[in-house]
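Per chain, numbering begins at 1; letters A, B, ... match sequence-line order.
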There are 4 protein chains.
Amino acid sequence: MARGINKVILVGNLGNDPETRYTQGGMAITRISLATTSVRKDKDGNQQERTEWHRVVFFGKLGEIAGEYLRKGSSVYVEGSIRYDKYTGQDGQEKYSTDIIADEMQMLGGREGGGGGAGGDRPARAPRQDYGNQGGGQRRPAPAPASQPAPIDDFADDDIPF
Amino acid sequence: MARGINKVILVGNLGNDPETRYTQGGMAITRISLATTSVRKDKDGNQQERTEWHRVVFFGKLGEIAGEYLRKGSSVYVEGSIRYDKYTGQDGQEKYSTDIIADEMQMLGGREGGGGGAGGDRPARAPRQDYGNQGGGQRRPAPAPASQPAPIDDFADDDIPF
Amino acid sequence: MARGINKVILVGNLGNDPETRYTQGGMAITRISLATTSVRKDKDGNQQERTEWHRVVFFGKLGEIAGEYLRKGSSVYVEGSIRYDKYTGQDGQEKYSTDIIADEMQMLGGREGGGGGAGGDRPARAPRQDYGNQGGGQRRPAPAPASQPAPIDDFADDDIPF
Amino acid sequence: MARGINKVILVGNLGNDPETRYTQGGMAITRISLATTSVRKDKDGNQQERTEWHRVVFFGKLGEIAGEYLRKGSSVYVEGSIRYDKYTGQDGQEKYSTDIIADEMQMLGGREGGGGGAGGDRPARAPRQDYGNQGGGQRRPAPAPASQPAPIDDFADDDIPF
DNA sequence: TTTT
DNA sequence: TTTT
């Protein structure tokens, strides 16, 4: 049973174009690097800036949309959860990584694609180039990486008895 | 297309048992009244409490779960969005209501049901009694809110020009 | 003692210019009307849009900043809490209102002021007209937006190529 | 200027008692390990659980409160931001760490201290044992576990004893 | 690496 | 009333 809440809300800008891969099953996995910058006063009263670079991962349909519409510089709202991983590097050392697993995304504009018709090496809405080894198109829609059910299906379906 | 984010996160306690209704289509709709209490210092430096009573609505499967497991006094985490409605009351007057439409819920323990097996007039896990799919539409007024404002420093310091 | 969490996160656009008032003590109180639009499919499978108009209130220094930099059409991130009020209208009727009391705000760009030098009845960076007794403050505005939806899909379905 | 939003909301349980240190300036720094568990169905339709262990850090007054009132097993709501750090380990290797910097905290009850006066190896409200090099008595006993805003005042003020 |  |  789910115990606890693990929720992240980010608004930031992409440091690079997204990278999309596909699983053998055809599911898109898109990664972005998202910057958020905060300020605080240090002990001398000077404004200090600090930027965090979040590794955000989008799966499935969200991964396709993220890969297709986000670009370096894009401003985006992301909601998701934190996932910590531990793995053994090629040097035999234990490594740790932290990812934000997105389950909601909304573009906010900003640098919006870096090439609205002019100069872009890739049209903003072109299907994403993909590097994957996917066998085909069986991208079936399915459950979510994290989170809870969300009804509201037949919301307006009848009269509502209140 | 979705434009914007409308997100609410509440942790609070139920003021009463949930009320569950069903649409003619059989969808559960459960309502609870959820209290959150905040404190701030007033201008005289005294601690001032203020309780907000949120009307939270759960639809579908979440409505069934909420109706089944929540009870007066239960502590619960709710995530959802705000919905404002306007309707004409039986007195012909225009009325406004605000509801929190839940899309995630998690019980947190606490008063947990008001009767751990003993003495409750209804076992904590019994299927909820339901009032059926009747057509009546009488919107009740929300539970009475308390008093006192919320935010920044000298808020209550003078008259408020609105 | 504080009991519970009452948190709201909004990203939306202003339907009108902000309105700023000042208390006799000189505290700014700024109100905005903020739209968030969501979509869902109705039972016939059609996309249904619904816009909520949030009344957001900023106090103190945040009220000054909001009043100075936000304009009709501005895109903004707001974090705060919900406050329900009950009052007696001039018609003697009991009325209810719901406000979002902001405690954090960040401009996201967008229509950014409705008058970039051209045609605005008030320059975007002019100190706000104020009805109260005190002066303004100098602060700079911020960045720009659009939008996109956000579904969800499969997860661990196969090997993950990262 | 701040650009972006970096917000984390956690509800979980402590895996161990908190650890509190003090800077030379006397600022409390408390660390906890907080578990959140989520479930999802894997591709075979089985319920899969996964627990994330968050390293949460509280500074200043919040650090004192957290150190004083939280215990192994405590259930707690935490709001804060993600901070990624990179450092060189004693083995000369570059290491990465991720912390949640808390700026709001609220106890939720649950295991609440593991010993209401009886049997605990340390009374729940005893002043925390501290390992630090702080100068003395400015550790005032904090008020009740209220949700409070964030200090982070003299955040960088000295060496940080972790 | 973004952004302002 | 905003926005796309």
Using whole Å, what does the distance between atom [atom2] of nucleotide [N] and atom [atom1] of [X] come to?
X        : N     : atom1 : atom2 : answer
A:Glu49  : E:dT2 : CD    : C1'   : 12 Å
C:Leu10  : F:dT1 : CG    : P     : 21 Å
A:Asn13  : E:dT3 : CG    : P     : 6 Å
A:Asp17  : E:dT1 : CG    : C1'   : 11 Å
C:Glu19  : F:dT2 : CD    : P     : 15 Å
A:Gln47  : E:dT4 : CD    : C1'   : 13 Å
A:Arg50  : E:dT1 : CZ    : C1'   : 16 Å
C:Gln106 : E:dT3 : CD    : C1'   : 11 Å

statement: By side-chain hydrogen bond (donor to acceptor under 3.5 Å, both in side chains), A:Asp91 pairs with (sequence neighbours left out) A:Lys95

message: For A:Tyr96, give me all partners under side-chain contact (heavy atoms from CB on, under 4.5 Å), at least two apart in sequence or on another chain.
response: A:Lys86, A:Glu94

statement: Out of E:dT1, F:dT1, E:dT4, minimum distance to the side chain of D:Arg3 belongs to E:dT4

Given A:Asn16, A:Asp99, A:Thr20, the one that forms side chain to side chain donor-acceptor pair (under 3.5 Å) with A:Arg31: A:Asp99

query: Quick one: the side chain of C:Ser33 and the base of F:dT1, do they pair up donor-acceptor inside 3.5 Å?
result: yes

message: Categorize A:Thr36 for me: base, sugar-phosphate, or nothing, with a 4.0 angstrom heavy-atom threshold over every strand shown.
response: nothing

field: Lys/Arg-Asp/Glu bridge criterion (N-O < 4.0 Å) met for D:Arg3, A:Glu49
entry: yes

query: Is there ring stacking between C:Trp53 and F:dT2, where the centres must be under 5.5 angstrom apart and the planes under 30 degrees?
result: no

